[in-house]
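In what follows, every heavy atom counts, from backbone to side chain, and hydrogens, waters and symmetry copies are set aside. Chain letters run A, B, ... following the sequence lines, proteins first and then strands; every chain starts at 1.
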Number of protein chains: 2
Amino acid sequence: MITISKEDYLKEIYNLSCESRAKVSTSTLAEKLSVSNAAISEMAKKLHNSGLVTYEKYKGVKLTGKGKRQALKIIRRHRLWESFLMDALGLSWSEVHAEAEKLEHQTSDFLIDRIDEYLNHPKCDPHGHPIPQRDGKIPAVPQSLNLTAAEKGNCYTIVKVVDENKELMDYLTSISIGLNTEIKLIERLSFDNSILVVIGNSNYRLSEQVASKVFVTLNRNSNE
Amino acid sequence: MITISKEDYLKEIYNLSCESRAKVSTSTLAEKLSVSNAAISEMAKKLHNSGLVTYEKYKGVKLTGKGKRQALKIIRRHRLWESFLMDALGLSWSEVHAEAEKLEHQTSDFLIDRIDEYLNHPKCDPHGHPIPQRDGKIPAVPQSLNLTAAEKGNCYTIVKVVDENKELMDYLTSISIGLNTEIKLIERLSFDNSILVVIGNSNYRLSEQVASKVFVTLNRNSNE
DNA sequence: ATACAAAGTTAAGTATACTTAAATATTTTG
DNA sequence: CAAAATATTTAAGTATACTTAACTTTGTAT
């Protein structure tokens, strides 16, 4: 039987394997899930026995096809709930993550499909992440660039934020950053890699840490 | 800490004490929650130690003020979710119970208040049960009569169904019974207490078991 | 090549929430 | 009012999902 805990493990293994592309180390997982290494070793065995991951002692874990499908289902539920809570109930993008984190484990296939229909089968969630479809396929999203790699003088459109920390989201909102916001790079300080940007009619200085969470696409005629 | 299990116990104790008005016996609770009597004895002690119920060995349990407030919060979440799933997502009244049963345990005060606002602070859920308010108060609902006590020749309006069994709900829907449906009693067979009723332009015979789940109010000028 | 630090696992223990079976109260009835 | 029937509790055991502490493996640096 798949439990809430197991769903959380699978989701996290999926997220980590997207970044690293290979096997996920048990200590990285432990860190992300805020549990001990011992808890990971134990759960790795169980997930292996259920055919959801491959696991060899001292070698980390990797999702099987079955495990990946399951992980994508959970991510689908999470992202659809986030979208729905904003759309239907007017929650802000800083509020939806925590709620979706709980609701995602208690949502039938039937209900999630109804939510998907209500939203008209959206491709992306409120943070710009693609929403896995019913069949597990992940919609293609435009190639994007990290704000830390943006070039002076260019205009960009914000298409993704890769952290769901509430404080970060609230901060971005406070400086008028949202999905599809236009942003122009004025300068970069090589001292700390902070950048000065224009959003609307105001200038803001963003730290490298903040910029690293934001992804953009280059606008046409931005060099005019 | 209050867990999903404890929430289910409190909710069930509340429901049973509404019917019986007094202490709830452990075996009745065990029956309703589909667990062993032993599980109830154990949990009764825990709930007593948390100040949520009073419990004396062999004497059953009773909600304290604190326990009742907690129970009403859970029932509020359940009924608001049911209303919301019908209203916002178009689920049928036979579908909402099972979904709400899961979502009710994963809903923050913040989210439930947003749902309440969306629905414009409804007084009743889709089955005609009053929805406890934010402050724990229960809206007054019109005095109603069980269909088994309805009188021949009278016209009634359906205001409540006190069972959320999916099969029953689907059956009622199939014979056009919903909340606010008008219904006229044609005759009652004393042999089995079944009744013959008119709904819309059709006649239906309802068993005593079905009628006992349905509550109505008498319509004015129904004797014309 | 080995010694050592880092990474990972095992062992033992905890809390929750169940189970069945045995024991003990309570209630009913003859 | 005592015996039988019923209701309830206790005891012992299970599964999940954690913990800390001790131990083992792996990889690296001299």
Side-chain angles (χ1 to χ4, degrees), chain A residues 1-14 16-17 19-63 67 70-71 74 101-102 104-106, chain B residues 1-14 16-17 19-63 67 70-71 74 101-102 104-106:
Chain A
M1 222 230 102
I2 190 134
T3 61
I4 294 179
S5 267
K6 283 178 185 159
E7 289 194 343
D8 282 332
Y9 278 74
L10 291 176
K11 195 173 56 156
E12 202 56 56
I13 295 167
Y14 180 87
L16 289 171
S17 64
E19 286 163 25
S20 71
R21 228 78 200 92
K23 287 176 194 164
V24 175
S25 87
T26 52
S27 52
T28 313
L29 244 188
E31 168 85 47
K32 284 279 184 179
L33 291 168
S34 305
V35 298
S36 65
N37 286 321
I40 302 291
S41 292
E42 199 176 72
M43 186 63 100
K45 281 182 212 158
K46 287 188 200 165
L47 295 175
H48 179 79
N49 291 336
S50 320
L52 294 161
V53 306
T54 55
Y55 170 58
E56 247 188 295
K57 273 204 241 177
Y58 301 102
K59 298 284 167 58
V61 296
K62 188 166 180 280
L63 292 175
Q70 188 61 49
I74 301 153
E101 202 68 16
K102 293 181 286 178
E104 67 187 9
H105 300 297
Q106 306 293 343
Chain B
M1 222 228 103
I2 191 134
T3 60
I4 294 178
S5 268
K6 284 178 185 158
E7 290 194 343
D8 282 333
Y9 278 74
L10 292 176
K11 195 174 52 156
E12 203 55 57
I13 295 168
Y14 180 87
L16 290 171
S17 63
E19 285 164 27
S20 72
R21 227 79 200 90
K23 287 176 194 164
V24 175
S25 86
T26 51
S27 53
T28 313
L29 244 189
E31 168 84 48
K32 284 280 184 179
L33 290 168
S34 306
V35 298
S36 66
N37 286 320
I40 303 289
S41 292
E42 199 176 74
M43 185 62 100
K45 280 182 213 158
K46 287 189 201 166
L47 294 175
H48 179 80
N49 290 336
S50 320
L52 294 161
V53 305
T54 54
Y55 169 58
E56 247 189 297
K57 275 205 241 175
Y58 300 100
K59 299 284 168 57
V61 296
K62 187 167 179 281
L63 291 176
Q70 188 62 50
I74 301 153
E101 202 67 16
K102 293 181 285 178
E104 68 187 9
H105 300 297
Q106 306 293 343

**Q** Testing B/L10, B/L16, B/L47, B/L29 one by one against B/V61 for a side-chain contact (heavy atoms from CB on, under 4.5 Å), which residue passes?
**A** B/L29

**Q** Are side-chain heavy atoms of B/V53 and B/K23 found at a separation under 4.5 Å?
**A**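 A side-chain contact is absent here, since even the closest heavy-atom pair is not under 4.5 Å.
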
**Q** Let me spell it out: for each of A/E42 and B/M43, pick the nucleotide of DNA chain C with the closest heavy atom. Which residue's pick is nearer the 5' end?
**A** A/E42

**Q** Could you tell me the boundaries of the chain A footprint on DNA chain C, defined by atoms under 4.0 Å from its heavy atoms?
**A** C/dG8 to C/dA11

**Q** Within the 4.5 Å heavy-atom criterion, are A/D8 and A/E104 side-chain neighbours or not?
**A**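 They are in contact (side-chain heavy atoms under 4.5 Å apart), so the answer is yes.
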
**Q** When we call it a touch if two heavy atoms are under 4.0 Å apart, what does A/S5 touch: a base, just sugar-phosphate, or nothing?
**A** sugar-phosphate

**Q** Answer whether the closest heavy-atom distance between the side chains of B/Y9 and B/V35 falls below 4.5 Å.
**A**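 The answer is yes, as the side chains (C-beta and beyond) meet within the 4.5 Å cut-off.
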
**Q** Just so I know, are the side chains of B/E101 and B/K11 near enough to count as touching, which here means a heavy-atom distance under 4.5 Å?
**A**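 Result yes, sub-4.5 Å side-chain heavy-atom pair found.
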
**Q** Students often get this wrong, so: under 4.0 angstrom with heavy atoms, is B/S27 touching a base, only sugar-phosphate, or nothing?
**A**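 Since only primed, P, OP1 and OP2 atoms lie under 4.0 Å of B/S27, the category is sugar-phosphate.
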
**Q** Which atoms of nucleotides 21-27 of chain D (N or O only) lie under 3.5 Å from a protein N or O atom, and what are those distances?
**A**
from   : atom 1 : to    : atom 2 : distance (Å)
D/dT25 : O4'    : A/Y58 : OH     : 3.4

**Q** Could you check if a side-chain atom of A/V24 sits within less than 4.5 angstrom of a side-chain atom of A/E12, using non-hydrogen atoms only?
**A**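 Side-chain contact under 4.5 Å: no.
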
**Q** Yes or no on side-chain contact (heavy atoms from CB on, under 4.5 Å) for B/Q106 and B/I4, after CA distance, side-chain angles and deciding distance?
**A** CA-CA 9 Å; B/Q106 306 293 343; B/I4 294 178; 3.5 Å; yes

**Q** By nearest heavy atom, map A/S36 and B/S41 onto DNA chain D; which one lands nearer the 5' end?
**A**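 Of the two residues, B/S41 wins.
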
**Q** Report yes if a side-chain nitrogen or oxygen of B/Y55 is closer than 4.0 Å to either non-bridging phosphate oxygen (OP1 or OP2) of D/dT8; otherwise report no.
**A** no

**Q** For D/dT10, does either OP1 or OP2 sit under 4.0 Å from a side-chain N or O belonging to B/K45?
**A**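 Affirmative; the distance criterion is met.
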
**Q** Can you name the residues that form a salt bridge (charged side-chain N to carboxylate O under 4.0 Å, His left out) with A/E56, not counting sequence neighbours?
**A**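 None.
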
